[in-house]
Amino acid sequence: MRAKYALERDKRLRPEAVDQFIEVTADFSHYADDPWTERVERDPVHDHVQVAIIGAGLGSILAAARLREAGIADVRMIDTAGDFGGTWYWNRYPGVQCDVESYIYLPLLEELNYIPTERYAHGPEIREHLQNCAKHYGLYENALLQTTVTGMDWDEHAKNWRISTDRGDHFTATMVAVSPGSLTRPKLPGIPGINEFTRHTFHTSRWDFGYTGGDESGGLTKLADKRVGVIGTGSTGLQCIPHLGEQARQLYIFQRTPSTVSVRGNRPTDPDWAAGLQPGWQRERMENFTRVTCGVEMDVDLTDDGWTQKALALSEPAVARETARLGREMTEAEIAEFLFRADWEAMELLRARIDETVRDPKTAESLKPWYRLNCKRPGYHDQYLDTFNRPNVTLVDTEGRGVERFTATAVVVHGVEYELDALVFATGFEVGTEFTRRLRFEIVGRDNVRLSDKWAKGMRTLHGLQTHGFPNCFFLGYTQSGVSPNYTHTAEERAHHFAYLVSTFVQRGATTIEATADAEDEWLAAMNASSEKPKAFYAECTPSYLSSEGDKDNPHGMLSTNFGGKPVEFFDMLAQWRSTGQLEGVTLT
Ligand code: NDP
């Protein structure tokens with residue numbers, strides 16, 4: 001079993017790791033253009049705000065909401081996008097849907113008195129809810145949308161940040177939260193000949209409905225006479241491929257690594273269940289999900305879906321059951337072996353699902369994933385596999401090598417040219433590159449220190465929110481944070497902590513708030529220690545963006561830049577830190 005996994009991994013490891021992808025700049029910059037909102041001209045802004053939040057996605061909305069609840073009203077949100085929503089603003093591909101239960105994924109449900117219409121909500125509903133959150137908290141009032149920050153630097157004399165944008169704005173802010181999101185910038189595969197390919201192309205996060213017809217719910221009728229290719233079979237590919245298969249004259253799916261495809265089991269929300277929810281239910285459910293999925297033994301599994309059921313079978317509760325069955329403690333080696341076998345069995349069930357669904361045995365074999373479940377983000381879908389039974393759909397298995405090259409009109413795999421009219425890149429988002437490269441602007445702190453220099457060998461923060469030498473600056477999102485599979489829970493915990501720091505600053509009449517260098521060193525040591533276990537796990541995995549494509553020591557990758565222990569340990573630690581009121585490791589002046 002282990003040899004099979006190692007063989008499949010080795011086929012896919014590439015020395016270029018994250019450098020195999022092309023940044024969407026220069027000739028490729030149009031892949032990141034906004035297809036959703038017409039540009040509106042406006043006058044530049046020259047003023048001062050108390051808090052600027054760079055980013056208007058889910059994490060930023062939560063942070064701003066918690067600030068408003070703490071009585072801090074002077075907040076400005078800035079985003080390149082034409083509206084609020086972040087990921088859910090950009091991603092409008094057909095079939096777009098959350099893969100974590102919407103009752104815990106959509107934020108602020110109790111605050112807005114809203115219940116999603118289905119268990120796994122679709123993109124338009126999520127986007128509308130996020131925009132309603134922004135309206136509810138008055139975040140549109142002072143926002144600068146369709147605006148890209150081009151730089152920010154600390155004014156030591158005035159004790160504030162100077163922020164400039166591509167709209168000619170020059171304003172100041174007492175505090176800034178930098179919240180750019182972690183899967184934001186589309187990336188393209190560096191396949192030879194990509195520059196020469198002349199057929200119609202776009203990235204899934206900028207879907208071209210003008211070309212395909214239809215909308216987020218499908219109906220891509222303009223593809224009826226088109227030969228379409230899609231590169232990428234990750235979470236996005238899983239969701240859009242059934243719609244492409246339904247409408248394209250011919251669909252070629254160029255697969256490098258198959259995803260796991262578990263049962264989705266979506267259903268409309270039961271109004272009786274919703275009516276019985278008690279105040280505080282969302283927080284309780286969110287907490288319960290994260291605790292169950294990271295292996296904490298709980299009395300009840302409130303979500304009880306694919307995520308939690310697999311966690312219960314593959315983590316500490318399963319070990320506890322096995323220990324009880326054996327009637328003795330297991331050694332570390334025995335636990336590792338037991339968990340490997342449990343994982344294998346879970347993967348065998350998923351492989352069997354493919355055999356049961358896909359009629360052509362060769363195609364079924366190609367669709368089977370050969371790695372441990374969590375090596376890649378697990379996928380859930382109930383129509384994806386069946387798509388391969390369509391006569392107009394062809395799986396082109398690149399056997400781990402990826403697409404070979406492009407000609408002007410075709411994609412080439414194993415020397416065979418697949419002539420296309422259009423090609424969709426479902427190739428994901430830039431991960432594992434320098435933070436400021438993904439941010440697309442420089443942050444200059446005290447004594448003209450540039451963040452790109454300070455973080456050249458990796459992030460340095462206290463608790464992921466502050467970095468020494470950059471007073472009154474906070475980071476949200478995946479910067480040295482605990483990571484729940486439910487991003488909203490991570491964002492919620494970060495938002496609480498951020499609001500606590502900002503309101504403490506205001507209550508105590510401070511002019512600066514900053515992490516000490518010692519506290520930062522300590523957090524870095526804790527981070528490095530915590531990442532050893534996940535790094536060992538991913539060393540045996542097939543590559544993915546989670547492991548920086550196999551370069552597990554990449555200092556800018558997800559493994560190095562996030563807390564590797566259980567997310568709830570991180571969340572509990574933050575709560576404990578706040579409860580003392582001592583601001584240990586943070587200086588206020
Ligand atoms: P991913 O990075 O997960 O997938 C990219 C795909 O492109 C992979 O299948 C990859 O293959 C393939 N690829 C890359 N280069 C090549 C190449 N040269 N030749 C052939 N194939 C290639 O991106 P996604 O957009 O699918 O998902 C990113 C993340 O976004 C998810 O993991 C999830 O966290 C989030 N997401 C969540 C959703 C939800 O909640 N519903 C929906 C969509 C996304 P390989 O696997 O071999 O690298």
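Each residue takes its place number in the sequence, starting with 1. One-based numbering, in listed order, for ligands and for the atoms of each.
Listed by chain and number, the residues in a ring pair (Phe, Tyr, Trp, His ring centres under 6.0 Å) with His489 are Phe571 (sequence neighbours excluded). His381 is linked by a ring pair (Phe, Tyr, Trp, His ring centres under 6.0 Å) to nothing, counting only residues two or more places apart in sequence or in another chain. In this view, Phe537 satisfies the ring pair (Phe, Tyr, Trp, His ring centres under 6.0 Å) rule with no residue, not counting sequence neighbours.
Aromatic ring orientation, Trp207 versus Phe202: perpendicular (interplanar angle above 60°, classes split at 30° and 60°).
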Q: Dump the intermediate steps for salt bridge (charged side-chain N to carboxylate O under 4.0 Å, His left out) on Lys11 and Glu8, then the final yes or no.
A: CA-CA 5 Å; Lys11 277 187 203 168; Glu8 293 294 328; 3.2 Å; yes
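Each of Asp421, Asp208, Thr212 was evaluated against His200; a single residue qualifies, Asp208, per the side chain to side chain donor-acceptor pair (under 3.5 Å) test.
Under 4.0 Å from any atom of ligand 1, one finds heavy atoms of residues Phe21, Tyr93, Gln97, Cys98, Asp99, Leu183, Lys187, Pro189, Ile191, Ile231, Gly232, Thr233, Gly234, Ser235, Thr236, Gln239, Arg256, Thr257, Lys376, Arg377, Gly402, Val403, Ala426, Thr427, Gly428, Phe429, Tyr545.
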